[in-house]
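In what follows, a single structure is set out as structure tokens and then discussed.
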Amino acid sequence: MEVIDLAWWKLGLAALLVLALAGTGYLARLGITRSLLIAALRTIIQLALIGLVLEALFASSAFYWIALLALIMLLVAGREVVARQGRRLRGWWAFSIGTGAMFVSSFAVTVLALTVVIGPEPWYAPQYAIPLLGMMLGNTMTGVSLALDRLNESVWRQRAVIENRLMLGQTSQQALEDIRRDAMRSGMMPSINAMAAAGIVSLPGMMTGQILAGSPPAVAVKYQILVMLIITVGTGFGALMAVSWGGRRLFDERERLRLDRLVKPQPYVNKTPK
């Protein structure tokens with residue numbers, strides 16, 4: 001299959017469509033025009049820059065540069081986890097718990113997939129390691145942020161129920177049992193829905209990209225199955241660790257509920273034009 005190279009002016013047409021959508025949102029007073037334009041601009045700049053970085057990285061294939069880029073990706077993902085939580089832990093705990101959960105789950109599953117399943121030579125070949133880690137971190141980031149947000153919000157709303165359970169003699173883990181389960185289900189639901197709809201409702205991005213790049217559909221399907229399975233594993237373990245660590249932080253050593261460790265969400269300001 002011939003690989004079609006898109007010219008920049010063709011991508012500009014897609015950008016014009018985004019501008020048309022932003023204009024429609026402004027006229028309809030949806031309040032999303034500014035966010036949409038900023039997100040589109042960030043997408044263009046970030047992807048253009050990462051394209052240049054990856055070209056240089058693929059040319060050198062040095063392990064320390066790959067490790068540095070992986071660290072930067074992890075730190076940015078940790079920051080996004082914090083930003084996506086309405087009510088989060090104070091200080092560095094929100095960042096540390098989210099980043100630690102993603103590091104353990106995403107990096108462990110990525111290294112396992114590279115060394116055992118895919119087996120490139122060397123195992124950290126950037127053509128395989130960086131895209132795979134990027135997909136792992138992106139999906140795990142969503143799962144962890146959803147799980148932590150659900151955990152913190154549920155604890156805040158059900159604080160009276162939790163304190164009553166503690167007074168009746170339950171431990172902190174017992175008092176949070178149903179809340180932890182709901183939070184972990186929330187974190188894993190996007191991955192489960194993506195697997196359930198793959199191939200019937202939607203064609204996943206990696207498979208579509210490989211087909212557009214000229215790979216046989218059968219090969220693209222194999223890689224997509226691998227990626228979706230390991231993404232689900234990484235997201236599940238990441239949400240599990242984040243909820244476990246976050247739940248412990250909400251109590252002190254005397255099994256007391258510490259809601260003072262949660263930061264109140266910022267009030268929403270409606271910026272819809274009048």
Side-chain angles (χ1 to χ4, degrees), residues 5-58 65-86 88 92 94-96 98-99 101-103 106-107 110 126-127 129-149 187 190-191 194 202 204-206 208-209 212-213 227 231 234-235 238 242 263 265-273:
D5 187 12
L6 295 177
W8 284 105
W9 69 267
K10 296 180 181 180
L11 298 179
L13 292 177
L16 288 177
L17 293 177
V18 175
L19 290 176
L21 176 61
T24 303
Y26 179 80
L27 294 176
R29 298 185 178 182
L30 300 179
I32 62 170
T33 302
R34 183 173 180 270
S35 300
L36 178 62
L37 292 177
I38 292 176
L41 183 61
R42 285 185 59 179
T43 297
I44 295 172
I45 295 175
Q46 291 170 180
L47 290 179
L49 291 177
I50 198 61
L52 298 175
V53 171
L54 289 179
E55 285 188 359
L57 192 64
F58 290 176
W65 289 118
I66 299 172
L68 178 61
L69 180 58
L71 177 62
I72 294 174
M73 293 166 63
L74 175 65
L75 296 178
V76 173
R79 184 259 178 195
E80 289 296 322
V81 167
V82 176
R84 295 184 185 191
Q85 297 178 51
R88 59 182 182 270
W92 284 89
F95 178 82
S96 301
T99 306
M102 287 189 296
F103 173 75
S106 297
F107 278 70
T110 301
Q127 293 87 342
I130 297 302
L132 189 60
L133 179 62
M135 287 184 287
M136 286 293 304
L137 282 176
N139 287 271
T140 306
M141 175 185 70
T142 301
V144 169
S145 61
L146 288 174
L148 288 176
D149 184 64
S191 297
S202 64
M206 178 181 175
T208 304
L212 291 176
V227 167
I231 281 176
T235 302
V263 177
Q266 295 295 324
Y268 174 73
V269 179
N270 188 1
K271 298 181 181 180
T272 304

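Side-chain contact between Leu69 and Ile50 is present, with at least one heavy-atom pair separated by less than 4.5 Å. Contact annotation: the side chain of Tyr26 never approaches that of Ile32 to less than 4.5 Å [non-hydrogen atoms, C-beta and beyond].
Scanning both residues, Leu133 and Ala70, for their nearest heavy atoms gives CD2-CB, 3.4 Å. Of all non-hydrogen atoms in Pro126 and Leu57, the two that sit nearest each other are CG-O, 4.0 Å. For Val18 against Ala40, the heavy-atom pair with the smallest separation is CG1-CB, 3.9 Å. Heavy atoms only, all atoms of each residue included: Ala242 and Leu148 are closest at O-CD2, 3.4 Å. Residues Gly187 and Pro190 approach most closely at O-CD, 3.6 Å, considering heavy atoms.
Expressed to the nearest 0.5 Å, how far OG of Ser191 lies from CG of Leu146 amounts to 9.5 Å. To the nearest 0.5 Å, the span separating OG1 on Thr235 from CD1 on Ile231 amounts to 6.5 Å. With rounding to the nearest 0.5 Å, the separation of CE in Met102 from CE in Met73 is 11.0 Å.
A distance-only check finds a donor-acceptor pair linking the side chain of Thr33 to the backbone of Ala22 [under 3.5 Å]. Remark: the backbone N or O of Met135 is paired with a side-chain donor or acceptor of Asn139 at under 3.5 angstrom.
Checking Leu137, Leu74, Leu71 one by one against Phe103, the side-chain contact (heavy atoms from CB on, under 4.5 Å) holds for a single residue, Leu74.
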Chi angles and distances behind the side-chain contact (heavy atoms from CB on, under 4.5 Å) call for Leu11, Ile44: CA-CA 10 Å; Leu11 298 179; Ile44 295 172; over 6 Å; no

Please table the atom pairs, donor to acceptor, closer than 3.5 Å between any side-chain atom in residues 77-86 and protein atoms at least two apart or in another chain.
residue: Gln85; atom: OE1; partner: Asn152; partner atom: ND2; Å: 3.3
residue: Gln85; atom: NE2; partner: Val81; partner atom: O; Å: 3.2

